[in-house]
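Data block below; observations after.
In what follows, every chain begins at residue 1, and chains take the letters A, B, ... in the order their sequences are listed. Both backbone and side-chain heavy atoms feed into the values below; hydrogens, waters and symmetry mates do not.
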Amino acid sequence: MSFASNLMIWYREHGRDLPWRNTQDPYVIWLSEIILQQTRVEQGLPYFHRFLDAFPIVTKFAEADEEEVLRLWQGLGYYSRARNMHKAAKMVISEFAGDFPTRYADVIRLPGVGEYTAAAIASFSVNEPKAVVDGNVYRVLSRYFGISEPINGSKGKKMFAALAQELLDVEHAATYNQAIMDFGALQCKPKKPLCGTCTFQLDCVALKEDIVDNLPVKLKGKASRDRYFHYFIIRKDDSILMSKRGTSDVWANLYEFPMIETERDVDMEELRALNDFATYFPPNAPLLELGKVAKHILSHQNIYAKFYILDDADALRLKKSGWNYHLLEKIDTLAKHKLIFSFLEKNKQLINPKI
DNA sequence: AACCCGGGGTT
DNA sequence: AACCCAGGGTT
């Protein structure tokens with residue numbers, strides 16, 4: 001029995017029933033695949049329904065503006081996915097006459113679609129024989145064949161891509177690709193894999209050599225860095241001052257409160273002494289520090305955020321470009337990052353005492 | 001080849 | 001705290 005056949009037999013009995021598996025529409029598959037990049041199925045599922053509801057066909061997606069797309073994406077992370085999706089939708093209109101492409105060579109041209117996603121769309125929609133290589137595939141193959149080459153080095157990437165393509169059942173590309181990913185997610189899990197009930201017990205090199213827990217091998221990246229953000233809540237009548245972030249840092253194009261960043265943790269006295277502070281506020285600006293420090297962990301940054309209320313909006317010296325007052329009742333229409341909207345959730349009455 | 005880009009679950 | 005998730009883009 002071949003690896004592929006054994007895998008598909010397992011899949012027929014244990015595979016998950018997921019909404020995007022009941023279609024061959026490349027647009028719907030694309031939607032699901034972008035959402036699921038580095039994102040667990042349970043986390044992405046509500047967003048899949050939300051987007052399909054808002055944009056049933058790619059034309060509607062292309063007609064939307066970026067603000068609306070980002071607002072729908074709010075809270076999911078890796079926001080470049082949303083911006084790239086929007087560009088891709090427009091590209092489907094301009095370069096494919098609104099007909100969503102299915103061939104690997106075509107879909108990989110779309111922004112936000114790399115080798116994995118192109119293989120997924122091409123195989124799921126028209127059974128093009130392209131093997132997917134995602135985190136599940138790296139894990140399953142490294143264990144089954146006992147390969148200790150790091151999966152994130154250039155040599156390893158090529159090795160696993162070639163091996164995956166060799167193993168693919170070219171007559172059943174869609175089913176095979178779904179099968180190996182479900183097998184990785186449900187049976188050959190990262191931690192505590194279910195080797196005791198595994199259909200590959202007799203063939204798995206890692207199990208035979210008792211090195212399952214050591215595979216796959218992955219090179220470590222840089223340690224995360226600490227950042228200190230000081231947010232200023234500045235209200236004027238029924239409005240609040242919001243700042244739109246730039247494009248070269250985390251949370252690109254999303255809204256937050258006006259903010260000063262410092263290299264280390266500083267108290268309010270040190271904050272007042274900064275040049276940045278003097279630019280925007282008078283030295284004696286009435287500030288009220290709120291609650292405790294909010295620690296927000298990203299995969300590569302630890303952000304420590306403090307929030308201050310500026311009691312007198314008229315004390316603001318300079319309104320930086322990108323800082324604008326927004327009506328409190330319209331605040332929900334702005335796409336904000338997680339740190340800000342969790343703060344807003346917890347401090348509703350503080351921000352808007354009328355509620 | 002190294003680094004950047006989120007939020008959340010599991011161990 | 002470390003690791004992972006249906007990865008992709010930039011430098």
With a 4.0 Å cut-off on heavy atoms, is [X] in touch with a base, just the backbone sugar-phosphate, or nothing at all?
X: A:L18; result: base
X: A:W20; result: base
X: A:G184; result: nothing
X: A:V113; result: sugar-phosphate
X: A:R21; result: base
X: A:S32; result: nothing
X: A:K218; result: sugar-phosphate
X: A:I34; result: nothing
X: A:K157; result: nothing
X: A:N177; result: nothing

If I take atom [atom1] in residue [X] and atom [atom2] in nucleotide [N], what distance separates them, rounded to the nearest angstrom?
X: A:I297; N: B:dG9; atom1: CD1; atom2: P; result: 15 Å
X: A:K222; N: B:dC5; atom1: NZ; atom2: P; result: 10 Å
X: A:H337; N: B:dG8; atom1: NE2; atom2: P; result: 13 Å
X: A:K295; N: B:dG6; atom1: NZ; atom2: P; result: 19 Å
X: A:L219; N: B:dC3; atom1: CG; atom2: P; result: 11 Å
X: A:K191; N: B:dG9; atom1: NZ; atom2: C1'; result: 13 Å
X: A:Q301; N: B:dG8; atom1: CD; atom2: C1'; result: 17 Å
X: A:K336; N: B:dG7; atom1: NZ; atom2: C1'; result: 17 Å

So, is [X] close to the [N] phosphate, meaning a side-chain N or O under 4.0 Å from OP1 or OP2?
X: A:W251; N: B:dG7; result: yes
X: A:H300; N: B:dC3; result: no
X: A:Q38; N: B:dC5; result: no

Please confirm whether [X] and [Y] have ring centers closer than 6.0 angstrom.
X: A:F183; Y: A:Y11; value: no
X: A:Y27; Y: A:F55; value: no
X: A:W73; Y: A:H86; value: no
X: A:Y304; Y: A:F229; value: no
X: A:Y255; Y: A:H326; value: yes
X: A:W20; Y: A:F124; value: no

Separation between the [atom1] atoms of [N] and [M], rounded to whole Å:
N: C:dG8; M: B:dG8; atom1: P; result: 22 Å
N: C:dC5; M: B:dC5; atom1: C1'; result: 15 Å
N: B:dG6; M: C:dT11; atom1: P; result: 15 Å

Examine distances only and state if a side-chain atom of A:R272 and a backbone atom of A:A285 form a donor-acceptor pair shorter than 3.5 Å.
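Yes, A:R272 side chain to A:A285 backbone: donor-acceptor pair under 3.5 Å.
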
For A:N152 and for A:D249, locate the closest nucleotide of DNA chain B by heavy-atom distance; then report the residue assigned to the nucleotide nearer the 5' terminus.
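Whichever sits nearer the 5' end wins; that is A:N152.
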
So which one's nearest nucleotide on DNA chain B is more toward 5', A:Q43 or A:G153?
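Checking each residue's closest nucleotide, the 5'-ward one belongs to A:G153.
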
Report the base-pairing partner of B:dC5 (Watson-Crick or G-U wobble, both distances below 3.5 angstrom), or none.
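C:dG7 is the nucleotide pairing with B:dC5.
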
Pair assignment for B:dT11, Watson-Crick or G-U wobble, requiring both distances under 3.5 Å
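B:dT11 is paired with C:dA1.
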
Give me the first and last nucleotide of DNA chain C, going 5' to 3', that has any atom under 4.0 Å from a heavy atom of chain A.
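The protein-touched segment is C:dC3 to C:dG9.
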
Pair A:E33, A:Y116: side-chain N/O donor-acceptor within cut-off below 3.5 Å:
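Judged by distance alone, the side chains do pair up.
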
To the side chain of A:Y78, which of B:dG7, B:dC3, B:dG6 is closest?
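That would be B:dG6.
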
Quick check: on DNA chain C, is the nucleotide nearest A:E115 upstream (toward 5') of the one nearest A:T39, or the reverse? Name the residue that is more 5'.
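Closest to the 5' end, via its nearest nucleotide, is A:T39.
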
Is the number of heavy atoms from other residues, nucleotides or ligands within 6.0 Å of CD (A:E42) greater than 12?
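Above 12, so yes.
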
